[in-house]
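In what follows, a single structure is set out as structure tokens and then discussed.
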Amino acid sequence: MSDNTTAAEGRSDEAASAYSWYVLGVLVVVYILNFIDRQILAILAVDIKRDLGLTDGELGFLGGAAFAVFYALFGVPLGRLADRWHRVRLLTIGLVLWSTMTALSGFARNFLTLSLARMGVGVGEATASPTAYSLISDYFPARQRGTALAIYSSGLYLGGGVSLLIGAKISQVWDAAYPGGGIGGLVGWQAAFMAVGVPGVLLALWVASLREPARQPDAASGERHPLVDFFVDLSTLLPPFTLFHAARRGAKAVLANLAMAAAMTVFALGMIALTKNPQQWTAIAFGYYAVFSWASTLRRHDPATFQLIWGTPAFICTALGYGLVSLGAYALAFWSAAYGETVLGLPKAELAFVLGGCGASSGFLGVILGGRMSDWLRARNPSGRILVVMFGIVAPVVPIWIGFTTPSAVLFYVMNFLAGMFAATALGAAAATTQDLVLPRMRGTATASFFLATTLVGLGLGPFMVGAISDLSGSLRIGMLSLIGVAPISLVLLIYAYRALPKAEATIAERAQAAMQV
């Protein structure tokens, strides 16, 4: 089977080929490892906090913004690179990078070195979803795309669940064998990072063997090499290069860029004074400023892509609405084990086994059911997938309230399962919606933009918000219950998206063409 034949099958109304499902299987394995490396910090959090002398807010930063900001920002130029370069090659390089940085996390001796390692993991993992979403969109027809993306997304929950089991087991076995520290004084949590990082380098060989499908017919070729454009795109995010790009657009653009920089500085200083966490708000403010700078440059150089993403309220509201779903989901995934260990007094091994199993099974079940339901509703209603996203923000409210107020371990575990399953239903629906709102050549960029919301809003704020409220209130329970407060905001955004989506999708081609003529 040739590359062109494979891609043609993916574009047609026929069912996806057997090789398409094989590629999807490999991508799921990669995504599982992606989230093992990302989430293993959760089960090791109590030990890391003790050994490095951290606060809950600093732990939230390590589990959130330290990773999320670099994941999100590098995802933007990497998403554009995925639109034009060899996607299989890009994913292979990224897998080697994030696996290496995970292993290097095992050598961290303080908050700074562990933060730097987590930033490196974020850069490497930024290659995963833009390349995978683009490959899946070429290998699968539109009527199967929601299901395929949901299956891929199941790796998030499988990896997150397995990370708890692996992290707890390796840490306990190592500490039992070397009570005073093993080779080089390494303790259990450091050994766990190294043990899950190394296999990724070997997995990269399998990924490199995948076929690169032919591009969709409207893919842009460009005159420069895609890697040159990658570094140009990266410079649109990083000061002082952001001012150079603004200057090319004129004095008004420079003033707007400086005004945004000033606004983010004031915002960061205010939040630092309130929470006493300079690293969190410096990273977040930098991230938001960088996104503004990139979007401003995109508007000039690719007005069609800008219009279909940043100029489409249905896209923005879907991404932000789901971003708040992910805020709760990421916070639950990161803090549930620490809550059970410190508040309920449950043993680490039990938490790893039960929460790990619940997280994997509930997430897998929720994302598959949500994907299938979103495709079924989409066939009957242009905005049908948004209904599934709405369910994902409303349904977890009661399980969160019960789960984090009960003294019963059994009820705590059951409510965690339900909250995780309900929230997971939203991911495939939201991801497929954003893909439906752009042209095929824009899918990598659309994916990166979608993940800006899930990371800079969800991952960047969720774990930290719980930790900061825990520090301020003296109660991790209050921190967990604060997650309920984001549901009304998300619901308002999604109601708007539901109403705006049919017209936005029906006018994709004409809006893209009009943007190019301005």
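The first residue in the sequence is number 1, and the count goes up from there.
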Heavy-atom nearest pair, Leu452 first then Ala72, reads CD2-O, 3.4 Å
Examine Arg38 relative to Phe67 and say whether NZ or CZ is less than 6.0 Å from the centre of the six-membered ring and inside a 45° cone about the ring axis. no
Please check this pair: side chain of Glu212 against backbone of Arg87, looking for a donor-acceptor N/O pair closer than 3.5 Å. yes
Roughly how far, to the nearest 0.5 Å, is the CD1 atom of Ile386 from the CD1 atom of Ile495? 11.5 Å
How long is the span from the CZ atom in Phe315 to the CH2 atom in Trp310, to the nearest 0.5 Å? 8.5 Å
Would you name the heavy atoms of Ala268 and Ala285 that are closest together and state the gap between them? CB-CB, 3.7 Å
Before you tell me yes or no, could you show the steps for Val367 and Thr425 under side chain to side chain contact (heavy atoms under 4.5 Å, CB included), namely the whole-Å CA-CA distance, both residues' side-chain angles and the distance that decides it to 0.1 Å? CA-CA 5 Å; Val367 78; Thr425 60; over 6 Å; no
Can a donor-acceptor pair be found between the side chains of Ser137 and Ser134 at a distance below 3.5 Å? no
Determine whether Gln280 and Leu461 make a side-chain contact, defined as any pair of heavy atoms from C-beta on separated by less than 4.5 Å. yes
Met101 side chain reached by Trp98 side chain, heavy atoms, under 4.5 Å: no
How close do Val397 and Ala487 get, heavy atom to heavy atom, and via which atoms? CG2-CB, 4.0 Å
Quick one: does Phe231's side chain get under 4.5 Å of Pro77's, heavy atoms only? no
Spatial distance of atom OG1 (Thr147) from atom CD1 (Ile136) [nearest 0.5 Å]: 11.5 Å
Would you check, one step at a time, whether the test ring-ring contact (aromatic ring centres under 6.0 Å, His included) holds for Phe244 with Phe241? CA-CA 5 Å; Phe244 169 77; Phe241 303 108; 8.0 Å; no
Between the side chain of Thr282 and the main-chain N/O of Gln279, is any donor-acceptor distance below 3.5 Å? no
Is the backbone N or O of Pro463 less than 3.5 Å from a side-chain atom of Trp335, with the two atoms forming a donor-acceptor pair by type? yes
Got a donor-acceptor contact below 3.5 angstrom from the Tyr288 side chain to the Leu456 backbone? yes
Just checking, any donor-acceptor pair under 3.5 angstrom between side chains of Asn381 and Tyr498? yes
Can you tell if the side chain of Val196 reaches within under 4.5 Å of the side chain of Ser163, non-hydrogen atoms only? no
Separation between CE (Met421) and CG (Leu365), nearest 0.5 Å, reads 5.5 Å
More than 12 heavy atoms of other residues, nucleotides or ligands under 6.0 Å from CZ of Phe267: yes or no? yes
Are the side chain of Thr312 and the backbone N or O of Leu308 linked by a donor-acceptor pair below 3.5 Å? yes
Between Thr297 and Arg249: side-chain donor-acceptor atoms closer than 3.5 Å: yes
Which residues pass the ring pair (Phe, Tyr, Trp, His ring centres under 6.0 Å) test with Phe230, not counting sequence neighbours? none
Is there a side-chain contact between Ser99 and Asp37 (heavy atoms, below 4.5 Å)? yes
Output, in order, the C-alpha distance, side-chain angles, deciding distance and verdict of side chain to side chain contact (heavy atoms under 4.5 Å, CB included) for Leu327 and Leu324. CA-CA 5 Å; Leu327 184 152; Leu324 293 174; 4.2 Å; yes
Compare all side-chain heavy atoms of Thr275 with those of Phe464 and state whether any distance is below 4.5 angstrom. yes
Aromatic ring proximity Tyr139/Trp21, centre distance under 6.0 Å: no
Would you sort out whether Ser383 and Leu501 count as a side chain to side chain contact (heavy atoms under 4.5 Å, CB included), showing the intermediate values? CA-CA 6 Å; Ser383 299; Leu501 192 144; 3.7 Å; yes
Whether the His245 and Ser235 side chains hold a donor-acceptor pair (N or O, under 3.5 Å, no angle test) is what I'd like checked. yes
Minimal heavy-atom distance between Pro313 and Gly311, with the atoms involved, is CD-O, 3.5 Å
Give a yes-or-no answer on whether the side chains of Ser490 and Tyr322 include a donor-acceptor pair shorter than 3.5 Å. no
Atom CZ of Arg300: over 12 foreign heavy atoms under 6.0 Å: yes
Tyr71 six-ring centre to Arg118 NZ/CZ under 6.0 Å and within 45° of normal: no
Would Arg378 pass as a cation-pi partner of Trp376, given that its NZ or CZ must be under 6.0 Å from the six-membered ring centre and within 45 degrees of the axis? no
Exercise: do Asn257 and Ser296 side chains pair donor with acceptor under 3.5 Å: no
Under 6.0 Å between the ring centres of Phe35 and Tyr31? yes
Which pair of non-hydrogen atoms, one from Leu237 and one from Trp294, has the smallest distance, and what is that distance? CD2-CB, 3.3 Å
Spell out, as yes or no, whether a donor-acceptor pair under 3.5 Å connects the side chain of Tyr19 to the backbone of Arg211. yes
If we only count heavy atoms from C-beta on, is the Asp375 to Arg385 side-chain gap below 4.5 Å? yes
Which value, rounded to the nearest 0.5 Å, describes the distance between Leu234 atom CG and Leu78 atom CG? 8.5 Å
Go through the structure and list residues passing side-chain hydrogen bond (donor to acceptor under 3.5 Å, both in side chains) with Ser361, not counting sequence neighbours. none
Heavy-atom pair with the smallest gap, counting every atom of Leu332 and Ala419: CD1-CB, 4.2 Å
Can you tell me how far the CD atom of Glu505 sits from the CZ atom of Arg511, to the nearest 0.5 Å? 10.0 Å
Taking it one step at a time, do Thr131 and Leu81 satisfy side chain to side chain contact (heavy atoms under 4.5 Å, CB included)? CA-CA 9 Å; Thr131 53; Leu81 184 59; over 6 Å; no
Chi angles and distances behind the side-chain hydrogen bond (donor to acceptor under 3.5 Å, both in side chains) call for Thr242, Tyr289: CA-CA 10 Å; Thr242 50; Tyr289 164 77; 2.6 Å; yes
Quick one: are Trp281 and Leu269 in side-chain contact, heavy atoms under 4.5 Å? no
